Every structure is written in structure tokens, then in C-alpha cells.
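Protein chains get the first letters and strands the later ones, always in sequence-line order, with residue 1 at the start of each. Source: prediction; values computed, not measured.
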Number of protein chains: 2
Amino acid sequence: MGVAKDVSKDIKAVLRDQISGKLLLPLQKIPSERELSELFSITRISVKSALDSLEVEGLIYREDRRGWFVSPPRIKYNPLSRCHFHQMIRDQQRTAKTQLLGVKSMMAPSIIATLLALSELTPIHVIERLRYIDGRAVLFVENCLISHCFPDILSEDLAQSLTILYATKYGFKTNRSNFEFIPTAAPEHVAQALNIRTGQQVLKICRVNYNQHNDIIDCEFEYWRTDAVMISINN
Amino acid sequence: MGVAKDVSKDIKAVLRDQISGKLLLPLQKIPSERELSELFSITRISVKSALDSLEVEGLIYREDRRGWFVSPPRIKYNPLSRCHFHQMIRDQQRTAKTQLLGVKSMMAPSIIATLLALSELTPIHVIERLRYIDGRAVLFVENCLISHCFPDILSEDLAQSLTILYATKYGFKTNRSNFEFIPTAAPEHVAQALNIRTGQQVLKICRVNYNQHNDIIDCEFEYWRTDAVMISINN
DNA sequence: GAGTGGTCTAGACCACGTC
DNA sequence: ACGTGGTCTAGACCACTCG
């Protein structure tokens, strides 16, 4: 770290103070980069780098071309609890919403086929959904279901919990799951939905679900805004 | 995303190709930012932003003021397996090393006291270690032990597995643990050890360990280089 | 001492969101 | 139409690493 001047130390400290002192509230907009650069007499690039680093800390987040905002507290996500999304959010006194983005039916591409232990050319449904916490889009989810296990599922309301739908309509209970958590870059379709830049850091979670007969029934790719979540495991 | 020119698309694609095509090997140095800026006829700032974004993907990493390097494959880390670090790395055909950075004895600060369910002013030992995979420093670990549970531990070799030391010297087995995984910014002392910039993204793991009598025995803070690891859970 | 990345200035134009 | 962030140029000096 440059000990000498560090132009951005000032602005970082001020914003941190304002946020921890509740002068800037969660979801509230931060003054524009140009305003900040005038206020602190530094270039926009320096402002940007200061904001970037507060973003890494998880204190603020950006909406592509809309501005910078203060991050709400992280949601605690326990992947071993069988709790579904809306329940989990409600338990933490927050509000959840799920929006169906679209459904595609296709032959399983090789990555998916491997994950699901299928021979290739097996038909699958891909359900894309966007999830909100307190009105903010924080999670893009892609579910890949083996079509023949879920006849007629496309006529159902797919904005509800799939776990519950699996249980009520098909008698499948998710018995166990395999998870992988990888901090990586957002692919384009994900970035678009979450309103971030392609290539920005997200937390990717790949998950393969097994039913009570120990058959693989689906896999899921979750992409979380990094500042929105922490993984919490109690065992 | 800028559809128009996107000066950095070229360089990103080229580097990605060279890495996936094994022309650039893991741990190998990438040409300097100035060289790249000349090669691709773009400014150093543009080079930097392209490298930043490959870093987010986990393809490359930086050593502060030393340069950019190609990331080796991620280690799979299963926090539920009782496997210790060296074992885990060996199982994945990689080589591990642990270096003791220092030990401090102090009164538990309030954050630690809360985690360990202690009244304040309880003495603890803080053991700081740095862990290497294939010669690269990827993990900074801080263990906070309740002193009176571990008499005389400071006279032991603390570069070995603490889990094993707990078992052999004190008869403690780690029975269960609570984990939290948080992508966040590296604090200064961590950044220094890992040879990254203060404020750069790391994966922080907080862990509280219980022994066979269900007593809390220690807590641990791990800071991983983001590109070095993925969390993998099978249950 | 030469080379590296880290940081900074002082501008510019573009794509997109919002009104 | 205007304001936002996204990207870019063309330099500069500094702090640090390495041989």
C-alpha cells in the first residue's frame, strides 16, 4: 500500500463512516462519480477505484449505468437446510420475490449431461428465474430438469418454489445435494439479468439434487451478487 | 457491454486462448503490462482492466509489484470432511507447505470472545500461519485458541496440523464446526502475507470448532486467494 | 539500476437509463 | 435531452522487487 499520499483513502473513509453511521442507508444511492470527484478534488478514475474497493468489501454495489448504492446486510444461506428461498428470506425479516424469465427445452449439452449423469441427447428443461430481496435483483437461477421425470411441468406456475412443486406434483423429495461454490465472473446473460457488467464478480453455486430414491433429478446454477450473501453452515 | 469497439476484448481472448491451449502454463509469468500495451496498441490502463477481469474469472492472479501469473486449477475444499490441509492437498496430487508466521498471546477482543462464547478478558493464543500449494502462498490462517484448554502448546511445532496436535496432545477431537464463507476484501496483514494488495478480493472463512464434549475449543479465520479454491460439499 | 505493478492527472467519447 | 457509469488515450511519478 502506498503510504505516501493515497488520494483515495479519504473518500473511502468518508463513505465508510457515512454508511456505518447510517447517514447513507441500505439501497440508497451514492452521489455520482463526477460529483464525488469534484467534492474530493480527485479524478474520476480515482473515485472509481475507491468505489471498486468498497464494492469488494461488500459495502456498496453498482447497477450498470444507474449508479452506486449502499449494500443491505448479507443474507445467511445455509445450503444444508432444506429450507426454500422464500422461507429463508422471510426467516431473516426480509422480503423475497421470484420472477420467471423463461423456459427452454433442449437436448442436454455435454456439461449438463455429465453433471446429471445422462447419456447425451437426453431432453431437458431449463428454467431461468430471477430472485429479489427487498426489491433488489440479487440471484439468477437456472434449473436443469430431466424432462421425462417431470411430465407437464411447464404448465405449472414456475415462479413458485420448485422444491415444493417437485414434492406435491411428483412426490419427489430432495434427499441430498452436492454443492460447489465458486467466486467467478458473471456470464453475459446473468450479468444482464442482475444488472451488472459482464465479467463482474459473482458467487456461483452449482448444485445437483437427489431424490429419496437417490436418483439425480435436477441440477441448478445459482449466481449471487457477491455482496448479498454469506454461506453459513452449522453441523 | 460496449458492442462497438471494446479494445480489451482482443487481449482477453488471446490470453484465454494461450492459457487454455497450454502455451502459458500454471504459475508462469505473463508478459508485463507495458509489453502487452505495446503488443496490442492499447494503453496500460486498458491492459490492466483486461487483466483485472481475467483475474475475476480466476484464470490469472497477481503478485504485488511482481507481475501477473497463470492460475493453477482450483483446489476442492470440503469443509465437512475431517481431512486436514496437507492431506487434502496431497489427495489432489498437489504439494502443500505450512509456515508459522507468529504467535500472539492476548486477552480475547470482543469479536473473538463472542464467537468463542467467552467472557471478555479471557486469555487466548493467536497462531498465524501461511499455507502454500505448489510453492504459492494461497491461504492465510489465524487460529484463536482458549489458552487454558491448551497448556504448553506454544512449545510444540505449530507448523504441523493443529487438528492432529489437539488430538494427540490433548485428546480433543473436532466433533463439529460452524462455518461462514464470505467473499470480502483482504485486511492489511493478510494482504501482506499473501502478497496481494490490501483490499483485494479474498474468500474469508470463519470457523468455530467443537470437541467431542461439545465445548468450543477454538475458532479459525482463513483467507484464501480467490482463484485458488472452490468449496465442494457432498452430503 | 532496471523493470514491475500501483496510482494518479486531465481530459474524451460512448452506451444506456431516466425523464 | 440529460445524467449516469463504461471505456479509452497519453502521459506521469512512486514503491517495490530483483539481479
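Atom CD1 in B:Ile133 sits 4.5 Å away from atom CD1 in B:Ile75 (nearest 0.5 Å). Separating the SG atom in A:Cys219 from the CG atom in A:Leu115 is a distance of 5.0 Å, to the nearest 0.5 Å. In this structure, CD in A:Glu55 is found 4.5 Å from CD in A:Gln200, a value given to the nearest 0.5 Å.
In this structure, the CZ atom of A:Phe40 is 18 Å from the C1' atom of C:dT9, given to the nearest Å. Following rounding to the nearest Å, A:Gln200 (CD) and D:dG5 (P) show an atom-to-atom distance of 14 Å. Taking atom CD of residue B:Gln192 and atom P of nucleotide D:dA15, one finds them 16 Å apart after rounding to whole Å. Between A:Ile196 atom CD1 and D:dG5 atom C1' there is a gap of 15 Å when expressed in whole angstrom units. Distance A:Glu38 CD to C:dA10 C1': 13 Å, rounded to the nearest Å. Atom pair A:Arg62:CZ and C:dG17:P shows a separation of 15 Å (rounding to whole Å applied). In this structure, the CG atom of B:Leu36 is 12 Å from the C1' atom of C:dT4, given to the nearest Å. Computed from coordinates, the B:Lys48 NZ to C:dT7 P distance equals 7 Å when rounded to whole Å.
Here A:Arg44 lies in heavy-atom contact (under 4.0 Å) with a base.
Both A:Leu51 and A:Ile45 lie near DNA chain D, and the one whose nearest nucleotide falls closer to the 5' end is A:Leu51.
Under 4.0 angstrom from either OP1 or OP2 of D:dT7 there lies no side-chain N or O belonging to B:Ser49. One finds no side-chain N or O of A:Thr43 lying less than 4.0 angstrom from the OP1 or OP2 phosphate oxygen of C:dG11. At C:dG5, none of the side-chain N or O atoms of B:Arg197 fall inside 4.0 Å of OP1 or OP2 (strictly under the cut-off).
For D:dG5, the base has a donor-acceptor partner in the side chain of A:Arg34 [N/O atoms by modelled type, under 3.5 angstrom]. With hydrogens and angles left out, the side chain of A:Arg66 and the base of D:dG3 share no donor-acceptor pair within 3.5 Å.
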Checking B:Trp224 against B:Tyr77 for the ring pair (Phe, Tyr, Trp, His ring centres under 6.0 Å) test, could you report, in this order, the C-alpha distance in whole Å, the side-chain angles of both residues, the deciding distance, and whether it holds? CA-CA 11 Å; B:Trp224 285 84; B:Tyr77 176 15; 5.6 Å; yes

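Relative to the side chain of B:Ile42, the nucleotides D:dT9, D:dT4, C:dG6 differ in distance, and D:dT9 lies closest. Residue B:Ser46 places its side chain closer to D:dC8 than to any other of C:dG5, D:dC8, D:dG5.
Relative to the six-membered ring of A:Tyr223, A:Lys204 misses at least one condition, a distance below 6.0 Å or an angle of at most 45° to the axis.
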